[in-house]
**Q** 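Take this structure, written in structure tokens, and hold onto it; I'll ask about it next.
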There are 2 protein chains.
Amino acid sequence: MAQELRRVFHSIGKRFTNQRQRIWEVFKEKSSGLTVAQAADLLRADGIGHTTVYRVVKEFVELGFLKWVHGADGEHQYVACAGGHCHPLVCRDCGRVQLVDCQGLNTLQKLVSVETGFRVDGHHLEIFGVCPECLRRSPG
Amino acid sequence: MAQELRRVFHSIGKRFTNQRQRIWEVFKEKSSGLTVAQAADLLRADGIGHTTVYRVVKEFVELGFLKWVHGADGEHQYVACAGGHCHPLVCRDCGRVQLVDCQGLNTLQKLVSVETGFRVDGHHLEIFGVCPECLRRSPG
DNA sequence: GTTGTTGCAAACAGTTTGCACGAAA
DNA sequence: TTTCGTGCAAACTGTTTGCAACAAC
């Protein structure tokens, strides 16, 4: 995966620095999302400044390697994303984020297009709920 | 509509002040969304401070009278919403926001629930595109 | 009169920018 | 050795809080 990142960065004339690699790792290791501030805290030990984290996260989002989500408390979080079009399913309880791919939305977009006359070309969907583990712990 | 707002506010033990009425009017008159800052600018002439606008917008969102959307430039905007469950369709060009109701999503939620084991209980969907007027002006 | 509401100023959080130094190619 | 990336500090924007004056009930 880091190899793929390296290739993509080089292909657009950018360098794949140690910082970019570490920042990627931090997000990849965390199954629930992280805010930029949280990631920056973790990366401080490596001597990586928060400015860099903001800049790199923005690049990752543009390249499609990170997706942003509203976490359980409504904060802006980012989640590693292998690629392809998928949507975050956020546990309101533990904050875990699982990505699901929803084919059905293409149909929905076409329908909306016909109904409204808009040319529909994108969407942002987040789904909220409670994950199986949290349900087991406190069903209710 | 203002009457309904008055009733709802009273029913939860809050007052329906002139400020709340004016703030509601500003959003209702604007078919595309407004950021809180934009609304506060418009309301300055009435002597309403931005603090109040922030506070009241938050109340309106909680009561379901306003919905928040990412505008064409990604800023946080709020749109008046008659009530009921509906989703914003945002024109990337002129910023106009039209609300559509998408029945199909209930089915989708059930499907996701079965696939993942989550108890799904909510979602946030925004749809982006280009509105008919903008298409006519510059088809492309 | 009582209690919730407002406006101001100031604090605060999250994010971006300017610039000199450092590191990848 | 050239160009891009980084880190620091500081600026900036959007949002919230403390508090005294005020208005709805």
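Only a predicted model underlies this, so the values are computations on that prediction, with no experimental measurement involved.
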**Q** Specify the closest pair of heavy atoms between A/His76 and A/Thr35, including all atoms of both residues, with the distance to one decimal.
**A** O-CG2, 3.4 Å
**Q** Go nucleotide by nucleotide along DNA chain D from the 5' end; which of B/His76 and B/Lys14 gets its closest nucleotide reached first?
**A** B/His76
**Q** Checking only heavy atoms, does the side chain of B/Arg15 share a donor-acceptor pair with the base of D/dC25 at less than 3.5 Å?
**A** no
**Q** Using whole Å, what does the distance between atom P of nucleotide C/dG22 and atom CD1 of A/Ile48 come to?
**A** 17 Å
**Q** Would you please confirm or rule out a distance under 4.0 Å between OP1 or OP2 of C/dA24 and any side-chain N or O of A/His10?
**A** no
**Q** With a 4.0 Å cutoff (strictly under), does any side-chain N or O of B/Gln19 reach OP1 or OP2 of C/dG7?
**A** yes
**Q** In whole angstrom, what separates A/Arg20's CZ from C/dG22's P?
**A** 19 Å
**Q** Please report the distance, rounded to the nearest Å, between CD in A/Gln21 and C1' in C/dA23.
**A** 15 Å
**Q** To the nearest Å, how far apart are B/Phe9 CZ and C/dT3 P?
**A** 21 Å
**Q** Strictly below 4.0 Å: does A/Tyr54 bring a side-chain N or O up to OP1 or OP2 of C/dT16?
**A** no
**Q** Please report the distance, rounded to the nearest Å, between CD1 in A/Ile23 and C1' in D/dT6.
**A** 10 Å
**Q** What is the ring orientation for B/Phe9 with B/Phe16, classed by angle as parallel under 30°, tilted 30 to 60°, or perpendicular over 60°?
**A** tilted
**Q** Using a cut-off of 4.0 Å on non-hydrogen atoms, how would the nucleic acid contact of B/Thr17 be classed: base, sugar-phosphate, or nothing?
**A** sugar-phosphate
**Q** Determine the interplanar angle of the B/His124 and B/His70 rings, folded into 0 to 90°, and report it as parallel if under 30°, tilted if 30 to 60°, perpendicular if over 60°.
**A** perpendicular
**Q** With hydrogens left out and only the distance checked, is there a donor-acceptor pair under 3.5 Å joining B/Arg55's side chain and the base of C/dG7?
**A** yes
**Q** Using a cut-off of strictly less than 4.0 Å, decide whether A/Thr52 has a side-chain nitrogen or oxygen near OP1 or OP2 of D/dG7.
**A** yes
**Q** Could you check whether B/Gly47 gets within reach of a base, just the sugar-phosphate, or nothing at all, counting any heavy atom under 4.0 Å?
**A** sugar-phosphate
**Q** Do the side chains of B/Arg22 and B/Glu25 get close enough for a salt bridge, i.e. N-O under 4.0 angstrom?
**A** yes
**Q** Could you give the CZ-to-P distance, from A/Phe16 to C/dA23, as a whole number of Å?
**A** 18 Å
**Q** Can you tell me how far CG of A/Leu135 sits from SG of A/Cys91, rounded to the nearest 0.5 angstrom?
**A** 7.5 Å
**Q** Does A/Thr51 or B/Gly13 map to a spot on DNA chain C nearer the 5' end, using the closest nucleotide for each?
**A** B/Gly13
**Q** Side chain of B/Val36: nearest nucleotide among D/dT15, C/dT5, D/dT16?
**A** D/dT15
**Q** Would you say A/Asn18 reaches D/dT6's phosphate, i.e. side-chain N/O to OP1/OP2 under 4.0 Å?
**A** no
**Q** Whole angstroms only, please: what is the NE2-C1' distance between B/His50 and C/dA11?
**A** 11 Å
**Q** Taking CH2 from A/Trp68 and P from C/dG14, how many angstroms apart are they, rounded to a whole number?
**A** 16 Å
